[in-house]
Amino acid sequence: MSLRSKLLLSYAILVLGILAIGGWSVYHFAVLGRSVPRIMADNYRSVLDAQSMKDALERQDSALLFHLSGETSKAKAQYATNRARFDEYFADAAANVTEAGEQATIRDLDYRFREYTRAGEAYLARRDSGLRRTYFTHLEPSFLQLKARCDDLLRLNQDAMVRKQSRAERETRRATRTAVALALVTLLLGVVYSLHLSHRLVAPLVRLTEAARRIGQGDLDSRVEARTGDEVQVLAEEFNAMAASLRSYREREAARLELAEQQAETAIESLYEPVVVTGAEGEVLELNRAAETLFGAAAAARHLPVGELGVTALTDAVKQSIERKAPVAHDGARGLATIQNGAAPRCFRIRTAPLLRSSGQAAGTVTVLEDVTRLRELDRLKDEFISVASHELRTPLTSMLLAVQLLAEGSAGKLTGPQEHLVEMVAQDTERLERLTRDLLDLTRLEAGTARPDLQPLSPAELAEVGTAALIAQAGKKGVTLHTHVPEELPPVYGDLAQLSRVLTNLVGNALRHTPAGGRVDVSAEVAGKVMRFHVTDTGEGIPAAYVPRIFERFVQVPGSTSGGAGLGLPIAKRIVEAHCGEITVESKVGRGSRFSFTVPLAGAGRGGEDAQTDSGHR
Amino acid sequence: MRKRILVIDDEEPIRETLRLGLEPEGYEVVTAADGPEGLERFADGAGWDLVLLDQRMPEMDGLEVLQRLRAANRSVPVMLLTAHGSIELTGKSLASGARGFLTKPISLRSLREVVRKALEPVK
């Protein structure tokens, strides 16, 4: 049964009860109201009749006395009138017998009145002296007896009236009590039923509320029993279905999460590199096996601050990563940490990535410590090899260079035309070989940081002049316009004249090599904030986009381009600029030309130069 | 009178090319193949105007030879031949009395120029 029907039914029961009581009361009081006056009216009429009969008797008695005093005609008239009146009232009273004993009285009254009338009429017809005696011996006693009978009738009805009055009052009181009792019973029933109904309606809702609260607290096994057969049961069923699907959803999610966790854990565990996972406060949450070997298992078990691991670079990287909400992976020495564990110290490159919530807040970090000990050793061996090899090459180069130059100048005898040509070629390639070994050595030393810049305030104009001086002739020979526009008024920069002029020489030399005759190469400089920015712009062949990112690496040559360099000029330039805390960039368009730019700190810029010193000192 | 130059270098091609490069300039060039021989030649008695000394040699390196040369004679200018100079080496060499450096490899023109300057009387 639906909730609506239940409510309607409960109201219907109450309404019916009230209607029943109301109807019963209305009927009862109506009956009472109607019966009492009618009954009373009957008695009242009898009383009036008795009274009137007494009155008529009095008048007849008076008429009889008139006859005694000689007023015979008046007496006869009065007697006839009142005898008729008596008959009239008597008939009425006889027709209205209501009380026990009334009938007997009526009959007696009737009999006696007829006797009285006969005697009276006989008396009125006489005219003798015996009248007086007749009146007092017969008529007056009959009259008094009749009057007494009328009084009997009167009393009888009066008593009846009083009796009926009190009975009606009793009945009214009883009816009132019954009505009140019925009303109370109905009220009680209504209240009880309402309480019962509301309890039955509300109880499942309360259970639903409790179940909803339990589900909210995570107890998805909560179910609601409601066999009420109404909307509440439907609601409870829907609710249970919802809880069930929530539960299966959570189970699926939990399974998925567990799988993801296992995957992540397995991945981290299987890494040979030590991995350190921290929380947002930098506390160590997890170490993989490799990291435990390195740091011991205690740190993760006790959630120690990452600083307790005793690796400054790691502590800094974690802190920075949380603060910046960005990965931290420093190049060079800043990103390296040497950790002594067991026999030999090992060198690690530290890469830290933040774990970000969807809100963007950092929830922690993951740090991978890549063991670069071997790489570093290989790097050192490679540098050493290049250094030694170049070094060893330079001694034979010395004699070759001198010998070929002696040949060329004719010190060893005059050369024939073809001989001279051959010697010239050997001389050129020997010089090129010499430049190559020098560049290799320089680059090795720059990378190793042993060639520290000797920082001085420098005039950009002087720098440009020194850097391009050796190339003016070459430009002229090739038919390329070399234009230097670096005004004297520019503020001084802070750098090493020899090194920075070499950057310009390398860039301009490069530009000249890759610019065909008729093109132009421009050298310019401008102040950009706290740095001076130099530009070397050419109208040459340009660099294909694919090579741009690698153009500053060693030995990178664009295939098919006008060659001539060994591919070391740009790496050397980059190292020198970086050692000066500057940056070097290139924009290029194939067929249109390239523009190399690099920055050098201004002499007044404060810390720039010191940084350069400190940085190279690190290496 | 011809200026006399002593070249001490363990590499024969260097010795020979230096000699061939400087002789046409009118100098008398004597060569020695190692430190002891160089010191011996130096002690021959004849006056020397310039010594070109290889920095890196087996047995006795250039710095030691330089110190011994200085012990015998304080005034003769000595130039060190180095493959690639370093600040440290420069400091030590100058402290030991070297006049200057020739960084290998060197072109004929720079060689002659450096030698000519080294032989100019000190003002």
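No experiment lies behind these values; they were computed from the predicted model shown. Naming convention: chains lettered A, B, ... in sequence-line order (proteins, then strands); numbering from 1 in each chain.
In this structure a side-chain-to-backbone donor-acceptor pair under 3.5 Å is missing from A/T430 to A/M400. A/T599 places a side-chain N or O within donor-acceptor distance of the main-chain N or O of A/E583, the cut-off being under 3.5 Å. Looking at B/S110, its side chain never comes within 3.5 Å of a backbone N or O of B/I106 through a donor-acceptor pair. A/H580 places a side-chain N or O within donor-acceptor distance of the main-chain N or O of A/D496, the cut-off being under 3.5 Å. Side-chain atoms of A/K478 come within 3.5 Å of backbone atoms of A/T515 as a donor-acceptor pair (strictly under, hydrogens ignored). Although no hydrogens or angles enter the test, the distance criterion places no donor-acceptor pair under 3.5 Å between the side chain of A/T395 and the main chain of A/E392. When atom types are taken as modelled, the side chain of B/R70 and the backbone of B/V76 share a donor-acceptor pair closer than 3.5 angstrom.
Residues forming a side chain to side chain contact (heavy atoms under 4.5 Å, CB included) with B/D54 (at least two apart in sequence, or on another chain): B/D9, B/D10, B/M57, B/L81, B/K104.
By the 4.0 Å N-to-carboxylate-O rule, A/R394 lies close enough to A/E434 to be salt-bridged with it. Salt bridge A/R380/A/E377: present, at least one basic N to carboxylate O contact under 4.0 Å. A salt bridge does not link A/R435 with A/E431: every distance from a Lys NZ or Arg NE/NH1/NH2 to an Asp or Glu carboxylate oxygen is 4.0 Å or more.
Rounding to the nearest 0.5 angstrom, the gap separating the CG atom in B/L6 from the CZ atom in B/R4 is 8.5 Å.
Ranked by non-hydrogen atom pairs under 4.5 Å with chain A, the options B/E11, B/E16, B/R56 are led by B/R56.
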Discussion item. For B/T31 and B/R19: C-alpha separation, side-chain torsions, deciding distance, then whether side-chain hydrogen bond (donor to acceptor under 3.5 Å, both in side chains) applies.
Written reply: CA-CA 8 Å; B/T31 61; B/R19 187 175 64 77; 5.6 Å; no

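Contacts of residues 406-416 of chain A with chain B at a heavy-atom distance below 4.5 Å involve A/L406, A/E409, A/S411, listed in sequence order. The interface of residues 456-473 of chain A with chain B, defined by heavy-atom distances below 4.5 Å, is empty. Proximity to chain A at a heavy-atom threshold of 4.5 Å picks out B/P24 from residues 23-30 of chain B, in numerical order.
In this pair, B/F42 and B/W48 present their aromatic rings parallel. The plane angle is below 30°, not in the 30 to 60° band.
A/L401 touches chain B through its side chain: at least one heavy atom from C-beta onward sits under 4.5 Å away, while N, CA, C and O do not.
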